[in-house]
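The shown structure was predicted, so the numbers you read here are calculated from the model rather than taken from an experiment.
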Amino acid sequence: MPKKLKIAFAGTPEFALPSLENLAADPETSIEKIFTQPDRPIGRGQKIGQPPVKILAEKFGIPVEQNKLTAANLPADLDFLAVVAFGQILPTEILELPRFGCVNLHSSLLPQFRGASPVQSAILAGVEKTGVSFQKISAELDAGDIFASFAIPLAGENSAELAEKLAQLGGGKFPEILKKIAAGAITATPQNSANATHCAKIRKSDGRVEWAENSTEILLRKKRAFAEWPGIWTTFAGANLKLVEFVAAEKFAGKKVGEVFEFEKNIFVATTDGALRLEKVQLAGKKILPAADFARGNSNFVGSFLG
């Protein structure tokens, strides 16, 4: 029987689970140790929660380390360190320790969308396709040589749906990629940094609607990109108002950008090139309400200017 590839795995969120599942299930790979981030408070209640990777690792009975990944706690004689959304920049002394190096699964077609938010950035940019890339980790973030990339078309998914598709795509390919690297069947190709684009970590302020600047199409993209967090929000009467559900509508004559108006018992807000029909809204600290009900309870909503 051929020797199994000895692997350490580093990952944290749900996006990393398909990769861990496939590598753990493959008869030609052996996960020696798993690294993930510490347990942290989550949600409004701030209860301590375990990283999804830790929960799955314990089901598999694989040793888990939640301290910072260093050369000292990396197992000896590794063939690979497989990394998926780990949440820590690896020290340079680790990069050459495994026999075949450290391989990262990134959720974009590198060099496009290097950085912390490639899934949301692909949606915001309106690209026709995105995908995953397997790269050899280098000292510069997401700039390592590429072993392979796999593309899928964008079909109107929100960020959670697209992330799940990419996680399954990459996870399904991970064992094959590592085995091909070990066999010398594929080599890494340098990225063309001249074509690189970069994306930052998503902030709450990114979900704010800039009515005078954002077209209807951009707002629809933001709705999909920020579906999980921070959502799309504006201000009304000095408080934050989340636009929970909305759809594109035609342009209405005589309406100014950001103006709320009513037509045939529906509530709209004018954009730079059309309007949004508001379906559900949520004022800060309040329940989600149908827009028409919110308007009935706030007599100054219709006729107001949001933002």
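Every pair passing side chain to side chain donor-acceptor pair (under 3.5 Å) that includes a residue from residues 287-305 is listed here, sequence neighbours excluded: D293-R296. Among residues at least two apart or in separate chains, side chain to side chain donor-acceptor pair (under 3.5 Å) pairs with a member in residues 116-127 are S117-S121.
For D145, there are no salt bridge (charged side-chain N to carboxylate O under 4.0 Å, His left out) partners, not counting sequence neighbours. Listed by chain and residue number, T36 satisfy the side-chain hydrogen bond (donor to acceptor under 3.5 Å, both in side chains) test with T12 (two or more places apart in sequence, or in another chain). Scored by the side-chain hydrogen bond (donor to acceptor under 3.5 Å, both in side chains) test, D79 finds no partners at all (sequence neighbours excluded). Shown here are the salt bridge (charged side-chain N to carboxylate O under 4.0 Å, His left out) partners of R277, two or more places apart in sequence or in another chain: E279. Partners of E157 by side-chain contact (heavy atoms from CB on, under 4.5 Å), not counting sequence neighbours, listed by chain and number: L154, A155, E161, L162, K165. A search for salt bridge (charged side-chain N to carboxylate O under 4.0 Å, His left out) contacts involving E245 returns K223, not counting sequence neighbours. Listed by chain and residue number, nothing satisfies the salt bridge (charged side-chain N to carboxylate O under 4.0 Å, His left out) test with E213 (two or more places apart in sequence, or in another chain). The side-chain hydrogen bond (donor to acceptor under 3.5 Å, both in side chains) test applied to S133 returns S149, not counting sequence neighbours. Applying the side-chain contact (heavy atoms from CB on, under 4.5 Å) criterion to N240, with sequence neighbours excluded, gives K204, W233, T235, A284. In this view, A212 satisfies the side-chain contact (heavy atoms from CB on, under 4.5 Å) rule with no residue, not counting sequence neighbours.
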